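Since we're looking at a predicted model, the values are computed, not measured.
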Amino acid sequence: HRSTLCLASCTLLPTRREVAFIMPTALATLALALAVMASQATAEHNATNAKKPNIVWIMADDLGYGEPGTYPCTSPHGRIQTPHLDQFAAEGMRFTDAYAGYTVCAPSRTTLFTGVHSGQFPKYGLSGTSLGPDKTNPTMLLVPEILKKAGYNTAAVGKLAPLTKPVQQGFDYFIGQIDQAACHNMYPRVMDKMNATSNVNLTKNWKPKSRELCMANPDEYSYTVDLFNEAALAWLKTQGKETPFFLYLSFTVPHAGGWSNMPADKESGAPVPSDGPYANKSWPDVERDHAAVITYLDNQIGQVLAQLKAMGVDDNTAVFFASDNGAHLEGGHNYKFFNSTGGLLGHKRSLFEGGVRSPSMVRWPGTVKAGTVSNHQWAFWDFLPTVADIVGETAAVPAYTDGVSFLPTLAGQGTQKEHDYLFWTWRGTGVPPLQEDTQIEVQKDKQTSGYAVRSGTWKGVVPHCSQPKGNEKPRPSKSDPLQLYDLLADPFETTNVASENPEQVAKLLAVVVAANITCTCFQC
């Protein structure tokens, strides 16, 4: 009857016996199809990820613009040896007009992670010194969070400030020092790992320490620069080619430091296990150590680059190198001894070029043309939109960012958008310096903070904003006493040309007033 009733217009229902036969076969076929689809999805995922480049950011602490050998500079005591950074530049792109995010450490790094310059910090509840997962603006995205969402394995090693809970802020792995004051001790008793603090016991460093003891017996102590680099190399070795990775490797040198223990953080010199090629120089101890620690840092960077080559991922890895601010003058070091700023006016804690210009390079074989020199102006807050652009996540770039992607410059393709302005805040100018024998040349006045602004080749410096009313934040105004410098004609900011160019002064002031930003000082 089944055949009679259904004819050609009906769908035959299977019998129980037919069901018993069809069900296992169908399930097996379905399972196979799903397995094939899953395999294809995994393959497509891996293929997509494989196309995404690995990203490494290597941060030096207080390295002056004129200290790497690849940057033009004359020094009364010769050049500091940096063969690996010199090779880095020869194989990548060296920037002449790249800038740190601020004149001192933590605020500068805040701009790097958030894509926001210091004039915007109050607007988004940023302290400039501490940035936890409970940030005032919960919608604010950080660089590691963007990369984690893009499928990256992520790690941070070394000096972490301003972040406080790395594993809750986009990093899979962390080891180093969260408290930036702790970073001044290069032979600490403890370090931090993951989201905890002081949970890595450095047993070698519990015995008496001094410059003499640590240099005479380097293998008997644990030096943080070595520990950071060893941890970074070990983590890199765990990475394959299927999933892209982001490594933030933040060293604590050549920042001044000491041989003390927390809570003491006395900056009494430039700790380094050996003076190496400078051991026989008739220089003050602190200057031999300063040169040696930069060459030591250079060697660590060379090891990272060698590891990337050994892993076979060198051609698919974009490595950024920069310093978090200008050359320091702490721990007894005289920044003029090696002409650490390369002749630029100012130093760390200065609004002039020597305080914020960063020796910055990017190496990315196959994408960045080797041996190129670029005068493109970028600052730390451009890193966030740039990496988002690199990994194809431009939709993730927050609308509030001050950053501009400089991928077109790196790749040599497309049109590079330029900044309307670059902006930094600080109290006073930090210059002129005090006496030569003063360890730290900082103006400790109580006036309101000021700012520096660059637009094109013009640089404006306002030591102090107008006094705000009540509890209002100090803001730029059109009446600010702006010093004006033409960086194209006067890169060392020797001549204030404000009186000869009133229209340009008015233009710079109009730009920062229209931006609705503050000139609040951070970590000052």
Side-chain angles (χ1 to χ4, degrees), residues 58-62 105 155-161 166-167 171 173-238 247-279 285-286 288-304 306-307 330-333:
I58 302 176
M59 184 82 84
D61 200 345
D62 292 3
C105 302
V157 178
K159 183 174 182 176
L160 191 68
V167 181
F171 286 113
Y173 176 79
F174 165 71
I175 188 167
Q177 293 168 299
I178 291 177
D179 184 343
Q180 66 174 337
C183 297
H184 302 165
N185 295 307
M186 278 65 172
Y187 292 91
R189 291 177 174 175
V190 294
M191 285 201 317
D192 313 319
K193 188 174 183 179
M194 303 306 278
N195 269 351
T197 58
S198 303
N199 59 332
V200 178
N201 189 2
L202 304 178
T203 56
K204 289 184 176 182
N205 293 345
W206 285 75
K207 54 182 171 288
K209 294 170 292 189
S210 66
R211 177 180 182 273
E212 292 70 26
L213 287 172
C214 292
M215 295 183 83
N217 308 282
D219 293 337
E220 296 182 15
Y221 293 90
S222 296
Y223 182 51
T224 51
V225 175
D226 290 334
L227 297 175
F228 297 160
N229 212 50
E230 290 166 5
L233 294 175
W235 185 81
L236 284 174
K237 291 175 182 178
T238 68
L247 171 63
Y248 175 69
L249 177 54
S250 179
F251 290 103
T252 54
V253 293
H255 193 295
W259 298 262
S260 55
N261 300 306
M262 285 295 287
D265 61 349
K266 186 177 181 182
E267 298 174 9
S268 52
V272 64
S274 167
D275 276 342
Y278 315 102
D285 287 349
V286 69
R288 285 202 309 274
D289 295 353
H290 182 81
V293 81
I294 291 175
T295 299
Y296 200 92
L297 169 66
D298 178 81
N299 184 60
Q300 309 298 306
I301 294 169
Q303 292 180 37
V304 173
Q307 179 60 39
E330 299 155 354
H333 166 61

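C183 is linked by a side-chain contact (heavy atoms from CB on, under 4.5 Å) to K159, Q177, T252, counting only residues two or more places apart in sequence or in another chain. Residues satisfying the ring pair (Phe, Tyr, Trp, His ring centres under 6.0 Å) test with Y296, not counting sequence neighbours, are Y223.
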Please list every donor-acceptor pair under 3.5 Å in which a side-chain atom of residues 215-222 meets a protein atom from a residue at least two apart or in another chain.
from : atom 1 : to   : atom 2 : distance (Å)
N217 : ND2    : L213 : O      : 3.3
Y221 : OH     : P208 : O      : 2.8

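Here S268 contributes atom OG and H184 contributes atom NE2; the two are 11.5 Å apart, rounded to the nearest 0.5 Å. For the atom pair CD of Q303 and CG of L236, the computed distance is 11.5 Å after rounding to the nearest 0.5 Å. In this structure, the separation between CD1 on I294 and OH on Y278 is 8.0 Å, given to the nearest 0.5 Å. Atom CE of M191 sits about 10.5 Å away from atom CG of N201, to the nearest 0.5 Å. Expressed to the nearest 0.5 Å, how far CD1 of I301 lies from CD1 of I58 amounts to 5.5 Å. With rounding to the nearest 0.5 angstrom, the CE atom of M262 is 8.0 Å from the OG atom of S198.
Residues K266 and W259 fail the side-chain proximity criterion, which asks for heavy atoms closer than 4.5 Å. D62 places a side-chain heavy atom less than 4.5 Å from the side chain of C105. The closest side-chain heavy-atom distance from Y248 to M59 is below 4.5 Å. Counting heavy atoms from C-beta on, the side chains of L227 and V157 never come closer than 4.5 Å. Between V304 and L249, the closest side-chain pair of non-hydrogen atoms falls below 4.5 Å.
Of all the heavy atoms in G158 and F174, the pair that sits closest is O-CE1, 3.6 Å. The minimum heavy-atom distance linking W206 with V190 is given by the pair CZ2-CG1, 4.4 Å. I175 and V200 make their closest contact through CD1-CG2, 4.4 Å (heavy atoms, listed as atom of the first residue, atom of the second, distance). Scanning both residues, L202 and P188, for their nearest heavy atoms gives CD1-O, 3.4 Å. Closest of all the heavy-atom pairs between A60 and L297 is CB-CD2, 4.0 Å. Nearest heavy atom pair, residue V286 against residue G269, reads CG2-CA, 4.2 Å.
Judged by distance alone, the side chain of T238 and the main-chain N or O of W235 form a donor-acceptor pair under 3.5 Å. The backbone N or O of V272 sits nowhere less than 3.5 Å from a side-chain atom of D289 that would complete a donor-acceptor pair. N195 places a side-chain N or O within donor-acceptor distance of the main-chain N or O of V167, the cut-off being under 3.5 Å.
In the model, N185 has a side-chain atom that pairs as donor or acceptor with a side-chain atom of S260 under 3.5 Å.
More than 12 non-hydrogen atoms from other residues, nucleotides or ligands lie less than 6.0 angstrom from NZ of K207.
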Give the intermediate values and the outcome of side chain to side chain contact (heavy atoms under 4.5 Å, CB included) for residues Y173 and K193.
CA-CA 8 Å; Y173 176 79; K193 188 174 183 179; 3.9 Å; yes
